[in-house]
Number of protein chains: 2
Amino acid sequence: MNSDFLEAQRKLVPEMMDLMQQRYSALKIIDMNGPIGRRQLGQVARLSEREARNVLEALRDAGLIRIEKEGASVTEEGRQMLSSLRTSMDDWSGRNTLARYLEQTIGIRKVIVVPGDSDVTSSVKAVIGKEAAEQFVTLIGDGQIVAVTGGSSVAAIPPFIGKFPEAERLRFIAARGGVGEDIGLQANVISALFAQACGATYSTFYYPETLSEEAHEVFRKEPAALEMMAQYEKTDCVLHGIGDAKKMAAMRNSSDEELELLEQGKALGEAFGYYFDENGNVVYRLRTVGIQTEQLEQVPLLIAVAGGASKAAAILAYMASAPRQTILVTDEGAAAEMQRILRKNT
Amino acid sequence: MNSDFLEAQRKLVPEMMDLMQQRYSALKIIDMNGPIGRRQLGQVARLSEREARNVLEALRDAGLIRIEKEGASVTEEGRQMLSSLRTSMDDWSGRNTLARYLEQTIGIRKVIVVPGDSDVTSSVKAVIGKEAAEQFVTLIGDGQIVAVTGGSSVAAIPPFIGKFPEAERLRFIAARGGVGEDIGLQANVISALFAQACGATYSTFYYPETLSEEAHEVFRKEPAALEMMAQYEKTDCVLHGIGDAKKMAAMRNSSDEELELLEQGKALGEAFGYYFDENGNVVYRLRTVGIQTEQLEQVPLLIAVAGGASKAAAILAYMASAPRQTILVTDEGAAAEMQRILRKNT
DNA sequence: TTTCTATGGACAAAAAATGTCCCGCATATT
DNA sequence: AATATGCGGGACATTTTTTGTCCATAGAAA
């Protein structure tokens, strides 16, 4: 309940959250470090002298701290406030610091961490979808080409995309040819869902995967295939999921030699039909028409969507070589696990 | 729960609360008035064109409104936010607007409305006390004389006054001589409670009420009485309750002629031993040494404390002639009833 | 006593918010 | 069809606020 309220507030008055967190953490620091002075607080909380002073004065006016010659200390009321806000604030601000930690460590544009773990609570996927939808709508420009991949994570986005002004001039395409059986999660279908959700156009493209090498050669030169490959060159935005290498291979009924390759290459993550090892190296790729990793570098808006602790390793594998402009929307379960892995490896 | 959180927030980031309310009410207005423009919204919400513009842009960035050629309208997400915040915000902001309405209508410095009704929930008295204590501590200066009256409302304040720097140099006195039987609520005792709570000094003074007219004359010239009256001249702050005229008269075992006078004069409220009618006229006053209404005008800090719907009429009676610098701390029950009475009389 | 660190005052410089225009455009009205 | 109204958005000079920074001074500790 409280958490909902915080989320709602973050929407309504985003400026407030910074201030609130600043003051709350200052209060915490004052509580722990006994009487503390303005400059000292500034150092600990990474605030300039003036900022520290402002915070201090605000807290004093609120009656939360007492401010005397030997420094500032928390009043009884301040202590009550601290304990009454502890759970919800720490929860919220914990996810925030987690997100910033990942942004810096992975080295990508932005990480958004929603509460929960989609492995445990399935509804968390919808929250990820919602957040991703918001990023997409906010950042997408006019008249652009958007490539989407398959997977349930990406499929969770369209329900949260309403009609917006620029939408009509967008074109959604599948980032690759068809996957396996589960038709609900195919990239083709999902691009249609997107287009339908916001009133945009879309191109379908079906690429039979289980073909012989010769058939592939022929197919690649088909007008439809060439057209698709031209679109990939002009792609402005990619919305994609990240899969666990083993699960993906299993879902795709991969051949024994494929499995062998993945096993030997220690593949962990999968995205766009590429399999990545721990260090982001491509160890295998599906033979299909689709967007290429080199092309990704040129795409200005890249949104990766994946959640659940079980996907942490896969996400990290892909992120090791992901373009800097990537935005990752994930959940607390995956984010926490990613942090644990990263800390272990250092 | 949510309401608690808002209260906590009001303490932690008070600057933002009006911003939040501004945006929330703007969102409500946009929701109701269909597509509405910047200037029009400004008129309805009493915002300048620029302010309206800022609010509009903030709401747009939050994805809560859609802003098109024909004006701004609420998105689905905005509608959800609206309904999810409705109860808590309306509750909170309702009390706020109630407070401002009373400030303007009564014409006093400040009105604070706490949630609840002390007639119904007795713990609300403590909240009033807490809020009054905060006002007092914030606004009281150094080395001042504070006069307090009796009554359970004022008695609810001391528990929330901690020791603060200026406290040692304060002096608490009773605003009048003794009241009736209930010793727990006598002004003398309460001044002692205040002094004890914050480590200040206090003067006791006992004035026997049930004396003949001649005895009064003599008593008034006693050194102790004269000393007390001199203190009243120098009083810097008054903390007082407001009583219902009839109940007070009954509690005081008033004589038949007194009751007759109160009845004829249509006394509604009581404060400092003065009885007031609907228009704030003094219809009767107790024969006792105490602070005078004329002196009140000179007192810079006046805090009136009273709650419960049943006291609404009494509060209004006193407030009709209360000095402008008065701060009233009351509860929702009383405030709502006061508003009803005021609206009926216009 | 000396030294250290604290607060609070002060103030110029920088940054942000505000009021107030105008423009082009769509829609409603005459 | 012509006109008027109300819309968003750009622009800009002018406040108003915030920020960085210095200094004076007062307790606490050494």
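Everything quoted here is computed from the prediction, not taken from an experiment. Residue numbering restarts at 1 for every chain, and letters A, B, ... go by the order of the sequence lines.
- Annotation: of the two residues near DNA chain D, A/Arg38 and B/Ile36, the 5′-most nearest-nucleotide partner is B/Ile36.
- Rounded to whole angstrom, the span from the CD atom of A/Glu49 across to the C1' atom of D/dC23 amounts to 11 Å.
- Listed nucleotides C/dT20, D/dG20, D/dC23 differ in distance to A/Arg39; the shortest reach to its side chain belongs to D/dC23.
- The side chain of B/Ser48 approaches C/dG19 more closely than any other nucleotide in the set C/dT18, D/dG9, C/dG19.
- If you measure from atom CG of A/Leu47 to atom C1' of D/dT21, you get 17 Å, rounded to the nearest angstrom.
- Taking atom CG of A/Asn54 as the reference point, atom P of D/dT17 lies 14 Å away to the nearest angstrom.
- Using a 3.5 Å distance cut-off with no hydrogens or angles, the side chains of A/Ser203 and A/Arg171 do pair a donor with an acceptor.
- Ring geometry for A/Phe172 against A/Phe136 counts as tilted: the plane angle lies between 30° and 60°, on a 0 to 90° scale.
- One donor-acceptor pair, N or O on each side, does fall under 3.5 Å between the base of C/dG9 and the side chain of A/Arg53.
- Taking 4.0 Å as the cut-off between side-chain N and carboxylate O, B/Glu76 and B/Arg79 count as a salt-bridged pair.
- Protein atom CD of B/Glu68 is 12 Å distant from nucleotide atom C1' of C/dA26, rounded to whole Å.
- Between the CG atom of B/Leu56 and the P atom of D/dG10 there is a distance of 14 Å, given to the nearest Å.
- Among the nucleotides C/dC22, C/dT7, D/dG20, the one closest to any side-chain atom of A/Glu51 is D/dG20.
- For A/Arg50, the listed nucleotide lying nearest its side chain is C/dA10; candidates were C/dA10, D/dG9, C/dG19.
- Contacts of B/Gln40 with the nucleic acid, taken as non-hydrogen atoms under 4.0 Å apart, involve only primed sugar atoms and P, OP1 or OP2.
- One atom, CZ of A/Arg60, and another, C1' of C/dT7, lie 10 Å apart when rounded to the nearest Å.
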Test salt bridge (charged side-chain N to carboxylate O under 4.0 Å, His left out) on B/Glu131 and B/Lys110 and set out the steps.
CA-CA 12 Å; B/Glu131 209 66 40; B/Lys110 189 173 202 169; over 6 Å; no
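- Computed from coordinates, the B/Ile67 CD1 to D/dG8 C1' distance equals 7 Å when rounded to whole Å.
- Computed from coordinates, the A/Leu41 CG to C/dA6 P distance equals 10 Å when rounded to whole Å.
- Counting heavy-atom neighbours within 6.0 Å of A/Gln196 CD, excluding the residue itself, gives a total of 12 or less.
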